[in-house]
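First comes the structure, then the notes that go with it.
Predicted model, so just to flag it, every value in this text is computed and none were measured. Only heavy atoms go into these numbers, but all of them, side chains included; no hydrogens, no water, no symmetry mates. Each chain gets a letter, A, B and so on, in the order the sequences are listed, and its residues count up from 1.
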Amino acid sequence: MLKLNNLCFSYTPGKPVLQNLCLELADGELLAVMGPSGCGKSTLLNLIAGLLKPTSGTLESDSRRTSYVFQEPRLFPWLTVEQNLRAVLPHKTDAADSAAANAASIADALALVELPDAGRLYPSELSGGMKTRISLARAVVYGGDLMLLDEPFAALNEELRADLLRRLKTRLKEKGTSAILVTHQREDAEAFADRIFRLPPATAAPAGSSAP
Amino acid sequence: MKSWKKALRLLLSIAFWVLVWEAAAFGVGNSLLFPTPRIVLRTLWELMKTPLFWKVTGLSLWNVLSGILWALLIGILLAVLTYRVGLLRDLILPMMTVIKATPVASFIVLLLIWIGSAKVPTIITLLIVLPVIWTNLDEGLRRQNPQLREVAAVYRMPAWRRVRLLTLPSVKPYFVSACRTSLGLAWKAGIAAEIIARPRNSIGTMIGDAKNYLNTEEMFAWTLTVILLSLLFEFGFVAILRRLDRRPAEQEDAPC
């Protein structure tokens, strides 16, 4: 479970991005976060991922492993797709078993994003949309109990986006993984999430949530 | 361009400059002042037949090589330390700036007074190469992509994996650039130090002796030896890098 109590954050003193934010996320729950540009949606994900520290308030999390699909694909340009995915796999001591299991989970993640033959390609050989899907495959390979998605499908066409969200939702529900999807698309939020959380503009009052 | 075409153009270019040399020597008309390429090659061939040539070349090679290796070792260690401790960078930076700005001859004279002639070429090579290595590596380490560092942090990559997959590939272009610059500088500085410090059995001492006896052919022959050694070093270095680097050249991220 994830619980945010009166969470505040500002990049510069006196200019809060998030103010007294309260939010709970149950185990296995899929949440969509919506709100106007600059209201702190990405900041919220960075705080949850531990990349930023709250200015005040608390962030309680049972999550031991959090995967994050950033807005940009953020793939290692000098590694192939397969190596990019392998890079986030945990190191195991039993080499033979681990190698077979790793190869299987990489193949499974690539199949999920419909790029089963992309393993040997370098990021420079992929289109923008393909890179985004590989970034999602990396999060799937990593597993974990919480997945953060920061508008990852903005560059994809509507049909592919809907298909990926549906596949991802099914996978997350199967595994019981919680997820927070930041999006501007209402239809994406409704298709993916159990609940939509509306983040107000940075200076407005604390936020509330509603069922989709 | 195909490799044989490249090689042919290189050979033609070398042939052109040898012809220019031949023409210039012919124009001067005094082999005591400006020997022809043929005379220099013949002198070099005669020198190569003597055991002294190989001893002298070997010792100069060792002087320069050990200077480069020490500079690499110290430069890498310092770059890692200054990357980790910002305060240390502030401390090291003025020292490196002074080393870069100080004339090589001043260092050579000071070292001659302090430690005698034997180790001067090695230390001079070290002093010339060290700032180049440190500056480039420090820059490379600091310019690691912050977005990829966040990926490594979120996905909790173990330290050794971060170094292997993020730090080393990020720093590599800076390291290669530093080494390429350093190799040429190392030979220039090392031989200059030998000419002034005159350690026993070194190419620099031989060049100095040749100058004293107005033996221009030998001076050219020893200089040609240094040029060939320097080129050999660079080709060897590039060959090693090609072996280590299996990914396509267009994947390389040049220093920005």
With no hydrogens and no angle check, is any side-chain donor or acceptor of Trp78(A) less than 3.5 Å from a backbone partner on Leu165(B)?
yes
So, does Tyr155(B) use its side chain to make a donor-acceptor pair with the main chain of Leu89(A) at under 3.5 Å?
no
Spacing of Leu148(B) atom CG and Phe76(A) atom CZ [to the nearest 0.5 Å]:
5.0 Å
Given that the side chain runs from C-beta out, which part of Ser67(A) has a heavy atom under 4.5 Å from chain B: side chain, backbone, both or neither?
both
For Leu75(A), is it the side chain, the backbone, both, or neither that has a heavy atom closer than 4.5 Å to a heavy atom of chain B?
backbone
Check the surroundings of atom CG in Leu87(B): do more than 12 heavy atoms from other residues, nucleotides or ligands lie under 6.0 Å from it?
no
Tell me, side chain or backbone of Glu72(A) under 4.5 Å from chain B's heavy atoms, or both, or neither?
side chain
For Arg74(A) and Gln147(B), which heavy atoms make the closest approach, and how far apart are they?
NH1-O, 3.4 Å
Do you know which of Met157(B), Arg164(B), Arg162(B) has the most heavy-atom pairs under 4.5 Å to chain A?
Met157(B)
With a 6.0 Å cut-off (strictly less than), is the heavy-atom count around CH2 of Trp21(B), excluding the residue itself, greater than 12?
yes
Chain B: which of Ala49(A), Gly50(A), Ala87(A) shares the most heavy-atom pairs with it under 4.5 Å?
Ala87(A)
Identify which part of Tyr142(A) has an atom lying under 4.5 Å from any heavy atom of chain B, answering side chain, backbone, both or neither.
side chain
So, taking the atom named CG in Leu52(A) and the one named CD in Glu150(B), what distance separates them when rounded to the nearest 0.5 Å?
7.5 Å
Report, as yes or no, whether the 6.0 Å neighbourhood of atom NZ on Lys188(B) holds more than 12 heavy atoms from other residues, nucleotides or ligands.
no
Flag yes if more than 12 heavy atoms outside Lys175(A) fall under 6.0 Å of its NZ atom; otherwise flag no.
no
